[in-house]
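One structure is given below, encoded as structure tokens.
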Amino acid sequence: MKKYNPKNIESKWRKIWQETGVYKADLGSSKPKFISMSMFNYPSGAGIHIGHAMNYTISDVLARFKRQAGYESYHPVGWDSFGLPAENYAIKAGVSPQESMAKIIPNYHKQYQAMGWSNDWSKEIATHTPEYYKWTQWIFSEMFRAGLAYQDTRLQWWCDKCQTVLANEQVIDGKCWRHDAITDPEVVQREVKQWFFKITDYADELLEATDALDWTETVKTAQKNWIGKSEGVLFTFTVKDLGIELQSYDSVPQTFMAQTFAVIAPEHPMVRELIEGTEHEKPVLEMVDKIRKRKLKDKFDVEKDIEGIFTGRYLANPFGTGDLPIWIASFVVADYGGGFVTCSAHDERDFAFAKMYNIPLRPVMFPADEAMAKKVRDLEVCYHHDPEGVLEQAPEGIVGMKWGEAREPIIKYIEEHNMGTRSVQYKMRDWSVSRQRYWGAPIPIIYCKTCGPQLVPDADLPVVLPELKDFSPSGDGRSALARAQDWVHVKCPKCGGEGERETDTLDTYICSSWYMLRYFDPANSEKIFDSSLVNKWMPIDFYNGADHATAHMLYARFVTRFFHKKGLLETAEPFKKFLFNGKVTASDGQMFSKSKGNGVDPLEIISQHGADALRIYLMFAAPLEIWIRWDPQGVPAALRFLGRIWTLVQEFLAAEESPLSNDIILRTTHKTIKKVTSDLGNLKYNTAISSMMELVNSLSAEKTEHGFVGSTSWQFALESLVQLVAPFAPHIADELWQELGHSDTVQKDHWPAWDESFVRDETVTLVVQINGKMRGKLTMLQGATEDVVKSAAFEDEKIKTALAGSEVKRAIFVQDKLLNLVV
RNA sequence: GCCGGUGUGGCGGAACUGGCAGACGCGCACGACUCAAAAUCGUGUAUCGAAAGAUGUGUGGGUUCGACUCCCACCACCGGCACCA
């Protein structure tokens with residue numbers, strides 16, 4: 001008997017697949033299309049890790065399943081090759097990023113192939129190639145032309161180690177997402193002139209469309225929170241003696257008559273005007289400086305760092321409740337709701353601030369509980385956001401209403417009396433897209449002293465990233481490109497005068513916001529893609545990853561919507577189904593890391609047990625959305641399972657012909673086909689595998705008991721098993737498929753069909769309960785009526801003794817399932 | 001704090017629209033093969049109990065003939081957001 005040797009088999013089939021091009025997708029095929037992909041990879045010197053093995057196997061299994069089931073299945077591959085990891089690696093290795101990429105990527109090719117992933121290598125893309133980033137730049141130009149790209153000086157998070165600004169979502173717990181070790185510095189804020197994409201223009205429609213998405217629920221909620229839509233009222237106030245108008249936003253307008261003071265952000269541009277020439281000017285400016293300095297240094301702590309100062313100015317209060325003193329306050333968010341807020345006793349922060357500086361408060365809403373109400377009245381506690389709270393001070397007709405029901409009437413009142421207007425605010429900010437780094441797509445802008453910033457004409461794209469010797473940041477906050485004087489100095493495309501190129505490069509999130517579209521037309525040099533081709537293949541049927549729930553996924557949706565509006569795409573949403581899958585941690589639950597030295601190298605596992613076993617283990621360990629802990633016993637166990645299939649096939653092939661048919665194994669096989677097919681469709685890989693294990697168990701038992709009775713039945717059972725296991729363990733599948741007498745590959749158009757008549761059993765096991773407790777089982781013909789089952793139950797010895805002569809008052813009967821006797 | 005999710009044997013996890021809790025795998029125990037071991041194969045394995053039986057899906061209540069599943073309250077853990085008025 002031939003021994004199962006994964007190593008030989010796997011390398012043999014890898015070669016054959018490569019030579020025959022089975023995984024090459026024909027984008028013009030008339031078959032139904034299916035595209036399954038995982039978030040593409042950052043190539044770094046480290047190669048693939050177990051997390052990659054997890055992610056890409058998930059989409060590979062689905063791609064393979066669909067390919068076998070008759071779809072034109074496309075499992076694309078590409079590289080997110082711009083960005084800091086690559087640049088840092090290049091700096092460390094002492095070669096240019098271009099050169100190191102040329103070395104690293106082919107390495108990944110081997111590793112991807114070793115995993116047995118069915119990628120279509122003929123359509124491979126990499127974001128750092130001029131052929132690709134030409135279109136990344138073009139997207140910037142299109143955004144610019146559409147008025148969605150603009151420049152602004154803002155306080156930005158800055159990472160000293162990266163020497164670049166970071167987007168909000170790249171700051172995690174006060175540290176850079178790339179440098180979050182204990183020894184790494186916290187990010188600081190800096191004033192930087194930046195390019196932004198106006199994603200906030202799309203906030204509402206992105207939010208609206210979220211609910212309908214077939215995505216992992218946590219990601220949908222994360223996106224909704226990120227967008228952070230809030231509805232309320234925008235009040236307009238006038239500053240006394242100055243006549244300046246200021247607007248403040250309130251999402252809880254019910255308690256507007258409780259307002260007793262106002263706070264303004266230290267960063268607010270109006271601060272200077274408020275205090276100019278007054279006695280308050282000096283102390284206020286000192287406070288502003290103090291607060292801003294602290295914000296630059298540390299992450300702001302709301303609890304500890306509340307402070308402020310009176311500006312000397314008042315708002316003329318239009319509600320008839322008195323003027324409101326304006327204070328500078330550290331806790332006001334500068335870029336939300338205008339950075340100016342009116343405050344009341346019913347907000348915790350306002351309350352704390354007022355207590356600290358002895359600012360008068362006036363509660364207007366009270367709980368039903370008398371003791372509590374007194375505490376609120378005496379300003380001992382801050383009472384807020386309780387729908388049951390009763391308003392004591394409110395416009396006529398609303399007094400006495402509960403906070404929970406007063407909202408609409410109050411807003412109407414406010415609008416009718418021209419005190420304010422309905423308004424919607426979002427937490428989401430515009431997307432900061434410029435980075436002061438070398439290794440990215442240059443922003444296609446030329447600054448001209450006379451014409452201002454000008455787009456590089458489309459005909460001149462791509463703006464090729466010049467090859468440099470020293471590509472570390474210039475040190476003055478600009479990228480290394482600032483040193484490339486020949487490259488920087490160009491003519492203005494409009495007037496032909498002296499011009500200078502933008503030295504910032506584009507955030508790599510732009511590269512990754514549209515790459516899925518390029519997969520369908522990777523070589524197009526005329527257009528970003530051919531719409532007719534892309535429309536046939538979009539949206540992406542399946543997408544998965546274990547990171548980037550907000551940023552990347554939101555940006556990809558934004559850019560897709562932008563293209564949709566431009567008429568380039570029929571679909572407005574890029575990803576039809578998105579699975580936010582779990583990660584793999586060490587057996588002790590700790591994250592794998594190089595410094596801990598607890599890593600598991602997929603390539604090492606492969607050389608020991610084979611890729612098929614690794615794939616089976618990863619897909620079997622738990623449901624895909626759950627984090628798994630690496631189990632050293634897991635891969636050997638998977639290998640054992642594959643070995644049992646191998647042995648069954650070898651023994652069957654060596655056995656003598658038997659003309660009979662074998663109903664038992666046919667039934668089990670058909671049931672398994674049905675179960676695995678539906679589990680794969682529902683992404684329940686772990687139960688799909690367990691039902692194949694059950695099939696193997698019962699086939700083995702049948703073999704031990706009766707031998708290989710019924711050759712055609714056995715042939716069918718084993719062929720089906722091989723087809724079912726193929727998405728998970730493609731190498732052994734093709735090998736056994738061939739041994740079972742086929743000359744083609746199992747990978748394409750070979751998915752077994754089940755026959756429903758074999759799935760349905762003639763007899764069923766009915767459960768007999770007494771008062772809901774299981775007391776016996778009956779084997780009955782399918783469809784037996786209540787009367788038949790009842791009389792059989794009363795004949796049953798166990799039931800008889802359990803009943804012990806007591807009277808049956810009621811019987812509940814569920815066809816083919818159970819009989820419950822109530823006594 | 002807010003939002004979302006999850007709690008089932010020694011462990012990872014099964015259980016369709018409420019109907020045999022613990023599939024499948026790991027581990028463990030015993031057995032077969034072997035001089036022996038590994039590998040492989042077989043049997044057993046929720047808890048208490050000698051057994052009949054009883055108890056069991058985070059905790060406490062509820063609905064129901066019947067609850068891991070539905071409802072209410074609470075606890076624990078995980079993830080996201082967190083000065084957003």
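Bear in mind the structure is a predicted one, so any value in this text is a computation, not a measurement. Lettering follows sequence order; numbering is per chain, from 1.
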Which whole-number value in Å describes the distance from A:F353 CZ to B:C83 P? 17 Å

What interatomic distance, in whole Å, is found between C1' of B:C75 and the corresponding atom of B:A23? 30 Å

Between the base of B:C81 and the side chain of A:N225, is one N or O donor paired with an acceptor at under 3.5 angstrom? no

I'd like a table of atom pairs between the protein and nucleotides 21-25 of chain B - only N or O on both sides, under 3.5 Å - with the distance next to each one.
unit_1, atom_1, unit_2, atom_2, d
B:A23, O2', A:E694, OE1, 3.1
B:G25, OP1, A:N697, ND2, 3.2

Separation between the C1' atoms of B:A37 and B:A32, rounded to whole Å: 15 Å

Nearest whole Å is fine: how far is B:C2 P from A:K224 NZ? 19 Å

Between B:A76 and B:G60, how far is it from one C1' atom to the other, in whole Å? 15 Å

Rounded to whole angstrom units, what separation is found between the CD atom of A:E231 and the C1' atom of B:C84? 15 Å

d(NZ, A:K220; C1', B:G79) in whole Å: 17 Å

If I pick the C1' atom on B:C74 and the same atom on B:A82, what distance separates them, to the nearest angstrom? 25 Å

Phosphate OP1/OP2 of B:C65 contacted by A:R810 side-chain N/O (<4.0 Å): yes

A:I626 has an atom CD1; how far is it from atom C1' of B:C78, in whole Å? 10 Å

For B:C84, does OP1 or OP2 lie under 4.0 Å from any side-chain N or O of A:Y426? no

With no hydrogens and no angle check, just 3.5 Å: does a side-chain donor-acceptor pair link A:S720 and A:T669? no

Measuring only the C1' atom in each nucleotide, how far is B:C48 from B:G56? A whole number of Å is fine. 11 Å

Just the rounded figure in Å: distance from P of B:G13 to CG of A:L618. 14 Å

Touch class at under 4.0 angstrom, heavy-atom based, for A:Y249 against every strand present: base

The correct list of stems in which RNA chain B takes part (3 or more consecutive Watson-Crick or G-U pairs, distances under 3.5 Å) is B:1-7 with B:75-81, B:10-12 with B:24-26, B:27-32 with B:40-45, B:46-48 with B:53-55, B:58-62 with B:70-74

Look at all strands and tell whether A:D347 reaches a base, only sugar-phosphate, or nothing, counting heavy atoms closer than 4.0 Å. sugar-phosphate

Do the side chains of A:E307 and A:K290 get close enough for a salt bridge, i.e. N-O under 4.0 angstrom? yes

Taking the P atom of each, how far is B:C77 from B:A85, in whole Å? 29 Å

For A:W226, is the NZ or CZ atom of A:R557 found under 6.0 angstrom from the centre of its six-membered ring and inside 45 degrees of the ring axis? no

Working to the nearest 0.5 Å, report the span between CG of A:L695 and OG of A:S700. 9.0 Å

If you take atom types as modelled and just measure distance, does the side chain of A:R429 reach the base of B:C84 with a donor-acceptor pair under 3.5 Å? yes

Taken to the nearest whole Å, CG/A:N771 to P/B:A54 is 12 Å

A:T221 side-chain proximity, nearest of B:C20, B:C3, B:A85: B:C3

Taking only N and O in the side chain of A:S230, is any of them less than 4.0 Å away from OP1 or OP2 of B:A85? yes

I'd like the P distance from B:A39 over to B:G5, given in whole Å. 44 Å

Determine: side-chain N/O of A:K684 to OP1/OP2 of B:C16, distance under 4.0 Å, yes or no. no

Could you tell me whether A:V252 contacts a base, only the sugar-phosphate backbone, or nothing, with contacts defined as non-hydrogen atoms closer than 4.0 Å? sugar-phosphate

What contact category does A:K703 fall into here, base, sugar-phosphate, or nothing, at under 4.0 angstrom with non-hydrogen atoms? nothing

Would you measure the distance from the P atom in B:C16 across to the matching atom in B:G7 and give it in whole Å? 12 Å

Given 3.5 Å as the limit, does a donor-acceptor pair link the side chain of A:S344 with the main chain of A:H346, or not? yes

Nucleotide B:C84, atom C1' - distance to CD of A:E348 in whole Å: 15 Å

